[in-house]
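Working notes, structure below.
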Amino acid sequence: MEHEIFKDLNDAQKHAVRQIDGPLLILAGAGSGKTKTITSRLAYLLEEVGVPPSQTLTLTFTNKAAKEMRERALKMITTTSYPPLLCTFHKFGLLFLKFHIHLLNRDNNFVVIDNDDRKRIIKKINSDIPTPLIGSEISRYKNSLISPTEAYAQAELKNYKQIAKIYEEYEHYLLENNLVDFDDLLALTYKILDENDDLAQETSNKYRYIMIDEYQDTNEIQLKLLQKLCTTHHNICVVGDDDQSIYGWRGAHIRNILEFHQDFQNAQIVKLEKNYRSTQKILNVANALIEHNRSRLGKTLQSTRHEGTDVITIKSDHENEESKKIAAYITELLNSGERASEIAVLYRINALSRSLEEGLNRAGISYRLVGGLRFYDRAEIKDMISYLRVITNHHDNFSIKRIINKPKRGIGKATVEKLELASIRHETSIFSLIDTLSLNELEAIVRKKNAATLKTFVKNIKAVTLIANSSTYDFIDALEAMFTIRDIYANTPDAMEKTANIDEFYGMFRDFVIANPDAGLDEFLNDITLQSEQDEVEGESIYIMSIHASKGLEFKHTFIIGLEEGFLPLLGDGSNIEEERRLGYVSFTRAKDTLTLSHVSSRFYKGRRTDLQKSRFFNEAGLCEGSLKLEQHTAFKKGDLVRHKIFGAGRIIGVSKSGREFKLSINFGGNKREILASFVERL
DNA sequence: ATGATAACAGTTTTT
DNA sequence: CTGTTATCAT
């Protein structure tokens, strides 16, 4: 008798679940039941094999994926009492560092900073080189385990010598303030394991069965970390799809999945090629496209569903016509009863959303733009977080500078500068400086009026800190009462939205306190720094988003706009045609029932109109001229009311095909006529 | 200290 | 055409 775990699995999936010893690569095509396989495998390990949950480790990239897997795995697990460790790479790093960072002579009350914080630190240090470049270079160094000294030594250009210097100062600043950035969560974890062989053995022994999701997105340091975790065994199972590797530009190494068998000897490979999502016609197009890539392991998706309808191509003169047509299609789908949440429009670059949004607005279609600015990246939320940080750690100079003039207290740049200089001279933090100095002494440093303001500010922070330590629940109200944070944005154009976000944050804080009654502010802070909000609300709106943001999602009706040379594929320095092709592949394989591809002859972009060629991906996907479908093919159906310029209003009594066009039989008040679809408009 | 204007750059984004 | 940042008066 087979265990219940295997009930709904196909042969390849079963094989992947049972193969538990030694390295295993599960090459999971789009829509092939990847999550089901990985969660079943985890359940199998715990329930059937009897591995204690504490001996397994499952790592993902996003909190969303971790959450989904946890929920699905827990449903299958009945016999074990405590849950297995299933989290993001970074969360794992955080947990590890909490226990072991003392091996680097650091205190475990460190604070995790995000990229925005990093930018501010760099900006403070640096003078002339553009900040974004420095941030990404530092990140690259850290992910390649290159120290500032090494970076300096190997830099040839003057600029890079300078970047290496900034990198050094940046690291110094982090150390000084006991801060840890996202890269450190992995890099320091690796460093500790690398320098402490005993601990590496111990940790590897602890996690005897390791699974990694989205392996094609791993980078250099993640691979090295995994190799450390596999010091004493080789039970590593990675799941991924080389054809869906679309994050090369942010350091993901597709070679990790392509060369898995070399990094981990005697690796087995299981291909999941049965696709439960899309119709065969959609898969044919996707398969044909991706076959043009050379760097791939190779697989062909096979639909378990029906043949389906042809992939549709829309050609337009310009972006306004494009969005008008897309909107017309969508209106038609909605009118025929399709749920809005089953419809999505995807694009390669966010800039294309504007004309699309206009078209949707004009047609009265409500949409939800996925992605955009994330909750925790919004200025007002960052202000909130800074307040909390200052309260947990009064010496957090970095955060105190952000809030010292929010709401406005008349403390400007000059005053902050004076404070900072004085705090360095006194070898103390800005907070302590204001706190310990007498009013008179402070007045010698800053203006008289400001000295009093600063004294009050510090006094209030101390008062709120007392409340935080006695009752986390009452704290948040006390904070708002004391500092009127909601007033910061009161007189800005989007005050409503900002205050709503702050209220949302307060709500989240209360939820956290209820869920974790014994936790302190610091736990809340480190938790949310690693979190990104995911809108999962399914509403009355269709979805529009970038192709990157669509990865992992599926829609019954999927539209892709901007299929032109220069947009998809996006061309330019640093562009990689194979990765562009994978983006095309990812976008095509989001579609369940219908896939509609749109391209234009010219587009307005960066302030100028440019003539465009249609994307080479049409030909590569086998969609040549002859297979083009004329737009509006199902725009009209029997019973619809339409208007003709000459005959006026009438009702459709029949639809037939005439060459490429659709011919309508229309009853104009008793007068029956055959009219081509393009000569009438819907009423 | 703060608001107004000029100059400028401009895929994709999670933790 | 946009949004962001640097600089300059007030």
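By convention in this document, chain letters (A, B, ...) are assigned in the order of the sequence lines, proteins followed by strands, and residues within each chain are numbered from 1.
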Reckon [X] has a side-chain N or O less than 4.0 Å from the OP1 or OP2 of [N]?
{"X": "A:Y376", "N": "B:dT14", "value": "no"}
{"X": "A:S546", "N": "B:dT11", "value": "no"}
{"X": "A:K123", "N": "C:dT5", "value": "no"}
{"X": "A:N350", "N": "B:dT12", "value": "yes"}
{"X": "A:S575", "N": "B:dT11", "value": "no"}

Quiz item: Does B:dT11 fall in syn (glycosidic angle within 90° of 0) or anti?
Solution: syn
NA contact type, [X], heavy-atom cut-off 4.0 Å: base, sugar-phosphate, or nothing?
{"X": "A:G607", "result": "base"}
{"X": "A:E580", "result": "base"}
{"X": "A:Y605", "result": "sugar-phosphate"}

Quiz prompt | Nearest-Å distance once atom C1' is located in both B:dT14 and C:dG3 | solution = 23 Å
Practice problem: In whole angstrom, give me the gap between the C1' atoms of B:dT12 and C:dT5. | Solution: 23 Å
Is a side-chain N or O of [X] found less than 3.5 angstrom from the main chain of [Y], in a donor-acceptor match?
{"X": "A:E578", "Y": "A:R294", "answer": "yes"}
{"X": "A:R590", "Y": "A:V586", "answer": "yes"}
{"X": "A:T62", "Y": "A:A65", "answer": "yes"}

Quiz item: Starting at the 5' end of DNA chain B, which residue's closest nucleotide do you reach first, A:L185 or A:L571?
Solution: A:L571
Practice problem: On DNA chain B, check which nucleotide each of A:F61 and A:A351 is closest to and give me the residue with the more 5' one. | Solution: A:A351
Looking at [options], which one has an atom nearest to any side-chain atom of [X]?
{"X": "A:K408", "options": "B:dG3, B:dT13, C:dC1", "value": "B:dG3"}
{"X": "A:Y247", "options": "B:dA1, B:dT12, B:dT13", "value": "B:dT13"}
{"X": "A:T415", "options": "B:dT12, B:dT15, B:dA1", "value": "B:dA1"}
{"X": "A:L570", "options": "B:dT14, B:dT2, B:dT11", "value": "B:dT11"}
{"X": "A:N405", "options": "B:dT11, B:dT15, B:dT2", "value": "B:dT2"}
{"X": "A:F604", "options": "B:dT13, B:dT11, C:dC1", "value": "C:dC1"}

Rounded to whole Å, how long is the line connecting atom [atom1] of [X] with atom [atom2] of [N]?
{"X": "A:D114", "N": "B:dT13", "atom1": "CG", "atom2": "P", "answer": "17 Å"}
{"X": "A:E214", "N": "B:dT13", "atom1": "CD", "atom2": "C1'", "answer": "14 Å"}
{"X": "A:L59", "N": "B:dT15", "atom1": "CG", "atom2": "P", "answer": "14 Å"}
{"X": "A:I385", "N": "B:dT15", "atom1": "CD1", "atom2": "P", "answer": "14 Å"}
{"X": "A:N63", "N": "B:dT14", "atom1": "CG", "atom2": "P", "answer": "11 Å"}
{"X": "A:E357", "N": "C:dT2", "atom1": "CD", "atom2": "P", "answer": "13 Å"}
{"X": "A:K418", "N": "B:dA1", "atom1": "NZ", "atom2": "C1'", "answer": "11 Å"}
{"X": "A:I404", "N": "B:dT2", "atom1": "CD1", "atom2": "P", "answer": "13 Å"}

Quiz item: Distance only, no hydrogens: is a donor on one side chain within 3.5 Å (strictly under) of an acceptor on the other, for A:S615 and A:E564?
Solution: no
Quiz item: Is it true that the side chains of A:S546 and A:N350 contain a donor and an acceptor less than 3.5 Å apart?
Solution: no
Quiz prompt | Positive for side-chain contact (heavy atoms from CB on, under 4.5 Å) with A:R389, one of A:I400, A:L521, A:D117 | solution = A:D117
Self-check item: Nearest-nucleotide 5' precedence on DNA chain C, A:R354 against A:K413
Solution: A:R354
Quiz prompt | Side-chain ion pair, A:K498 and A:E380, N-O less than 4.0 Å | solution = yes
Quiz item: Quick one: do A:K324 and A:E321 make a salt bridge, cutoff under 4.0 Å?
Solution: no
Quiz item: Does the aromatic ring of A:W249 sit over the six-membered base ring of B:dT11, closer than 5.5 Å centre to centre and tilted less than 30°?
Solution: no
Quiz item: Tell me, what's DNA chain B's dot-bracket, Watson-Crick or G-U with both distances under 3.5 Å, | for other-strand, [ ] crossing?
Solution: ||||||||||.....
Self-check item: Face-on cation placement of A:K98 at A:F110 ring, 6.0 Å and 45° thresholds
Solution: yes
Quiz item: Between the base of B:dT15 and the side chain of A:N115, is there any donor-acceptor pair under 3.5 Å?
Solution: yes
